[in-house]
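Report on one structure; see the data block that follows.
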Amino acid sequence: MKMLKFMLARHVQAFVSTLGRLFRKPLNTLLTALVMGATLTLPSLLLYSFDRFQEMSDGWSELPSFTVFLKDNVTEKQALTWQTELQKQAVIDHIAFENKDQALKAFRENTLLTDLADITGTNPLPHLLLITVKSSQRENIPELMARLEKHTLVDSVVWDQHWIDQLSSAIHLVQRLSLIISGFLCIVVLLVIGNTIRLEIENKRQEIEVMKLLGATAQFIQRPLIYLGAWLGFFAGLLAICLSALAIYLLAPAIADVAAQYQLKINWVSVNFAQMALLLICSTILGFLGAWIAVLQHLRRIELSV
Amino acid sequence: MIQFQQVSKRYPGQHDALTDVSFHLAQGSMTFLTGHSGAGKSTLLKLIARLETPSQGQIQVAGQNIGRFSPRQIPYYRRKIGIVFQDPHLLHDRNVFENVALPLLITGQFSYQEIGKRVRAALDKVQLLDKENTTPVRLSGGERQRIGIARAIVAKPQILLADEPTGNLDAALAEEILNLFIQFNQIGVTVLIATHDLALISKMDIPQINLNQGQVT
């Protein structure tokens, strides 16, 4: 019990004293943390963007729907009968029938072409069915569309949201790419930390030699160096959060513009504490790992030269 | 306490630093290790501190063959030994108190109160209690040397090794420091002092081991 208490005390002591050491050289600390923080900002922004896109595509996937234009000669009664029949299919969530007379009326109210019917003499608009597919049946849409297109009553089938699928697959590609880039950047952070710790070991060479001479175990010498790495990682994570917030703030108007053109609602500026915590934990672990690797590599080389 | 059995040490590419050295130092004894510079005094001390390993022969300290220690055991072994160098190797970014406290922090077995008590006792022994908050840079050579001694004895080692501890000091100061070693010896510490200060040795009635070109004469 007493040993445990001492062990804990030693860790707390190393933990606090390394923090003190960092603050005694604020400029060095800031520069190192800034290099790492800036490197981590890109992965952090990518992570953030995925979330926003995910929210967006989640919004779409609720209502995958398409429009079926019926042939000119199809009567309202035929259309309604077919609607009831279609409704029984498991794939379909619900169907809205749009009468061509109503459509023309709406068209007149919404446009300046009030006398369209007068020009052609007849109503040029067809009856149409707005078919909404169950969200779980998304992958069956192409098959369903092909089937409906062959139906005798159908003139054409148009999927309004086809571009969304194209965008989705593009985003998917970008996501993959960003993951790979993030991986590389994490390696960069590991190298930066490793180099910092290596320099620290060089600077503290005399101290380390004296400690070894006085009977310090390898762990005793390593402990503060590894904590140093972890602290640097933590501060780098904090800086990355600040830099990401700045970038989001600067990008927000431009993103809103683009989103407006596609009539999309993106909640671009949102605070996600879980994500921040994740970033902090990851950067601290990166710092810890980088320092650990450096310590294993370089500390062994210090031989006592007294 | 310390027993050398036909110990030789050869550094790669050089002549033998020690050849066929055998001696025995009893527990609680005090001994001078004399000889010209380059006679192998430092090598002998390094062998005892397990900073070097012998090329041949066996060294037993407190009944243990120290050549058989695994790297893990070495730090714990070194804690039993206090070492005083000609250059005391103080850490300049820490004050006197922190420097002397270092061996106690390393063992990690003392509370802060205990550390304070022991460090002040050690500083009191070398009569530098009033300097505990000073940085080593502000101390004179003799004061630094005494801080080095305080650090060597603060953890109450069984063995005290000193390599030219009076090398940089004037005669009066040298004698004062030597008296310190005698005091530690009187409380049971085994003391081995390497020196070529013959004037100093001649005043004391203390056994000697004389090295000449790596051999005991």
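We name chains A, B, ... by the order of the sequence lines, and we start the count at 1 in each one.
Between A/A216 and B/I106 the shortest heavy-atom distance is CA-CG2, 3.3 Å. Nearest heavy atom pair, residue A/E207 against residue B/R94, reads OE2-NH2, 2.5 Å.
Counted within 6.0 Å of CD on B/Q127, heavy atoms from surrounding residues, nucleotides or ligands total 12 or fewer; the atom is thus considered open. When the shell of 6.0 Å around CD of A/E202 is examined, it contains more than 12 heavy atoms from other residues, nucleotides or ligands. The number of heavy atoms from other shown groups lying within 6.0 Å of OH (B/Y11) is above 12. The 12-atom threshold is exceeded at NZ of B/K80, counting heavy atoms of other residues, nucleotides or ligands nearer than 6.0 Å. Under a cut-off of 6.0 angstrom, the local environment of NE2 in B/H196 is sparse, with at most 12 non-hydrogen atoms contributed by other residues, nucleotides or ligands. In this structure, B/Q208 places its CD atom where more than 12 heavy-atom neighbours from other residues, nucleotides or ligands lie under 6.0 Å away. Residue A/H172 places its NE2 atom among 12 or fewer non-hydrogen atoms of other residues, nucleotides or ligands, all under 6.0 Å distant.
In this structure, B/H89 NE2 and A/M211 CE are separated by 14.5 Å, a value rounded to the nearest 0.5 Å. Atom CG of A/L213 sits about 4.0 Å away from atom CZ of B/F85, to the nearest 0.5 Å.
At a heavy-atom cut-off of under 4.5 Å, chain B is reached by no residue from residues 283-294 of chain A.
Between the side chain of B/R79 and the backbone N or O of A/G215, at least one donor-acceptor pair lies under 3.5 Å.
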### Message
Test side-chain contact (heavy atoms from CB on, under 4.5 Å) on B/I83 and A/L214; report intermediate values, then the result.
### Response
CA-CA 8 Å; B/I83 312 175; A/L214 296 176; over 6 Å; no
#### Entry: A/V210/B/R151 under side-chain contact (heavy atoms from CB on, under 4.5 Å): CA gap, chis, key distance, verdict
CA-CA 11 Å; A/V210 170; B/R151 189 183 62 190; 3.6 Å; yes
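Contact of B/I81 with chain A is not made at all, since no heavy-atom distance falls under 4.5 Å. Of the atoms belonging to B/Y77, not a single heavy atom falls under 4.5 Å from chain A.
Between B/L91 and A/K204 there is no side-chain heavy-atom pair separated by less than 4.5 Å.
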Under 3.5 Å, side-chain donor or acceptor atoms of residues 177-194 of chain B against the rest of the protein: list the pairs with distances, not counting sequence neighbours.
from   : atom 1 : to     : atom 2 : distance (Å)
B/N179 : ND2    : B/E175 : O      : 3.2
B/N185 : ND2    : B/G28  : O      : 3.0
B/N185 : ND2    : B/S29  : O      : 3.1
B/N185 : ND2    : B/V189 : O      : 3.0
B/T190 : OG1    : B/G28  : N      : 3.0

